[in-house]
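All ligand and atom numbering here is 1-based and tracks the order in the structure.
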Amino acid sequence: MPSTAPASSSLFARALQLIPGGVNSPVRAFRSVGGAPFFVKSAQGATLTTSDDRTLIDFVCTWGPAIHGHNHPAIKAAIAAALENGTSFGTPNPYEVEMAELIVKFVPSIQKVRMTSSGTEATMSAVRLARGFTKRDKIIKFSGCYHGHSDSLLIKAGSGALTHGYPDSAGIPASFARETIVLPYNDRAALDAAFAANRGQIAGVIIEPYCGNVGFIMPDPGYLAYLREITTRHGALLIFDEVMTGFRIAQGGVQEREAITPDLTCLGKIIGGGLPVGAFGGRADIMDYLAPLGPVYQAGTLSGNPLAMAAGIASLRLLANRHIYAALDLLGHQLRTAVLAAAKTKGIPVQVPQCGSMFSIFFTDTPVRDYDTALKGDAKRFTKFFHACLDNGVYLAPSAYEAGFLSTAHDGPAIDRACEVMTAAIRAL
Ligand code: HOZ
């Protein structure tokens, strides 16, 4: 795009006339931190270039997909090569098979996989499959976990739903919501009670095994193992939503790192290399309940789209080098250490949960282990911190309740500069 692109303020004024809130996804709005969103005309490596010709070090990474940084040459080349052959066929294509092979190879629990066009479709379809397979209706989800915006799952949800004050969206019939049981994350007693009260009725439990949508939260030791045990005992399916964590926490996601085998897994983001994608997969006997083999219907015109598959395959091939994960963890650790040190000097309470390339900054002295403790974070202080960072060229998600993401491109000057900016921002609080 030419550098004469209209400025963000004029684009936003035009967008507000035609697009609700001026944004095509609420998480992009700045309403919870104040101000107006900037528009991006290009992105390269660890940085975004705005329509106002500002360069920002980006810790949103297109909400997760950009683990190799923006506009990686291998991904760009793969898309360009696929483009030569056409954009969509509506038939099976060779890329889909290679993508399925890569997913099955790397994600421990997945024996068969079906592609979708978004993470929302993946989680929605996994829930339907769990219901169809078990012939039960109820599902359990956890407060603050966000699994996209399908009706069964948009209840006590995190991400933009929480940021903008509607964790229980309007438009979901009460009769639907009654089939979703919402429990606190990290609470074994609540799980025991829910299974006891709904014996033989729970089709599945869906969880972000490391939660990234109410900020970044990790499970207590043993919690995921307990979840595996109790679901098995009650004949309910365990569904891991690894849309964010798949191929990010490890090649095989959280399930590889924690050695837990869910029945179904949802993926998205990284497996599309920046193009629209999702996938769900798991035990072959469950997956074979899907049409055309079985009675659970699920479909998509652009599912397995050749361009998205080509981009995703290139992204996954780059991740075949396991050293990448150790390198990303060092970057995350550097950032966490800088924030903690600055906060300590200034006497500001802060929690910085971090694992590999995911992190959050909560301004609270209470360790964050669920929705309620995440909400104890001082949102006003976060807002000040967010703007101080942005004013100095560092972009964090415009919400106190979103995870931050790093990419391999943050290595070197980008992470050093970001640590300097964050340190100064905390000192100025
Ligand atoms: N899971 C993403 C943010 N938490 C979704 C991004 C979006 O809603 O646009």
Side-chain angles (χ1 to χ4, degrees), residues 15 19-33 37-40 43 48 58-67 70 116-124 126 141-151 153-167 169 185 206-217 239-249 253-254 265-280 353 357-362 368 371 374-375 377 379 382 386 395-407:
I19 304 171
V23 290
N24 279 315
S25 193
V27 294
R28 301 175 196 173
F30 272 39
R31 294 170 75 97
S32 79
V33 290
F38 53 83
F39 284 63
V40 170
L48 305 172
D58 176 26
F59 288 98
V60 179
C61 287
T62 185
W63 302 94
I67 194 165
H70 294 285
T116 63
S117 294
S118 69
T120 289
E121 284 178 61
T123 53
M124 176 186 76
K141 80 170 282 285
F142 298 91
S143 38
C145 285
Y146 174 76
H147 306 286
H149 54 93
S150 67
D151 286 349
L153 297 171
L154 208 49
I155 299 166
K156 215 76 197 291
S159 191
L162 171 63
T163 301
H164 298 297
Y166 304 104
S169 171
Y185 187 81
I206 184 164
I207 187 166
E208 289 180 82
Y210 290 0
C211 183
N213 280 293
V214 61
F216 182 62
I217 303 179
I239 308 170
F240 272 12
D241 176 349
E242 298 227 46
V243 169
M244 277 186 177
T245 54
F247 290 93
R248 180 168 277 283
I249 290 298
V254 174
T265 297
C266 304
L267 297 169
K269 304 212 188 254
I270 286 174
I271 64 164
L275 293 190
V277 94
F280 64 107
S357 58
M358 292 181 77
F359 67 93
S360 270
I361 299 170
F362 294 100
V368 178
Y371 180 89
L375 263 55
F382 176 84
F386 166 84
Y395 177 52
L396 293 161
S399 162
Y401 310 117
E402 294 284 2
F405 296 97
L406 286 146
S407 76

Tell me the protein heavy atom at minimum distance from atom 3 (C) of ligand 1, and give that distance in Å.
S159 OG, 3.3 Å
Tell me whether the centres of the aromatic rings in F386 and F30 are closer together than 6.0 Å.
yes
If you take the centroid of each ring, where Trp contributes its six-membered ring, are F359 and F405 closer together than 6.0 Å?
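Judged by ring-centre distance (under 6.0 Å), F405 and F359 do not meet the cut-off.
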Evaluating non-hydrogen atoms only, which member of [options] is closest to [atom]?
atom: atom 7 (C) of ligand 1; options: P26, G212, S118, S25; result: S25
atom: atom 5 (C) of ligand 1; options: K269, M244, E402; result: K269
atom: atom 6 (C) of ligand 1; options: T163, V27, V60; result: V27

Taking N or O atoms only and a 3.5 Å limit, does W63 qualify as a polar contact for ligand 1?
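No: no nitrogen or oxygen of W63 is under 3.5 Å from one in ligand 1.
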Quick check: does Y146 get an N/O under 3.5 Å from an N/O on ligand 1?
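No; every N/O pair is 3.5 Å or more apart.
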Which atom pair, heavy atoms only, marks the closest approach of C266 to A122?
SG-O, 3.8 Å
T163 and E402: side-chain hydrogen bond (donor to acceptor under 3.5 Å, both in side chains), yes or no, with the steps?
CA-CA 9 Å; T163 301; E402 294 284 2; 4.6 Å; no
Logged contact type for R28 with ligand 1, heavy-atom cut-off 4.0 Å, is neither
Contact between V254 and E242 at the side-chain level, heavy atoms closer than 4.5 Å - yes or no?
yes
Qualifying residue, where the test is side-chain contact (heavy atoms from CB on, under 4.5 Å) with Y401 and the options are N213, V27, L375
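Exactly one option meets the side-chain contact (heavy atoms from CB on, under 4.5 Å) with Y401, and it is L375.
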If you count the atoms of ligand 1 from 1 in the order shown, which ones are under 4.0 Å from a heavy atom of N213?
1 (N), 3 (C), 4 (N)
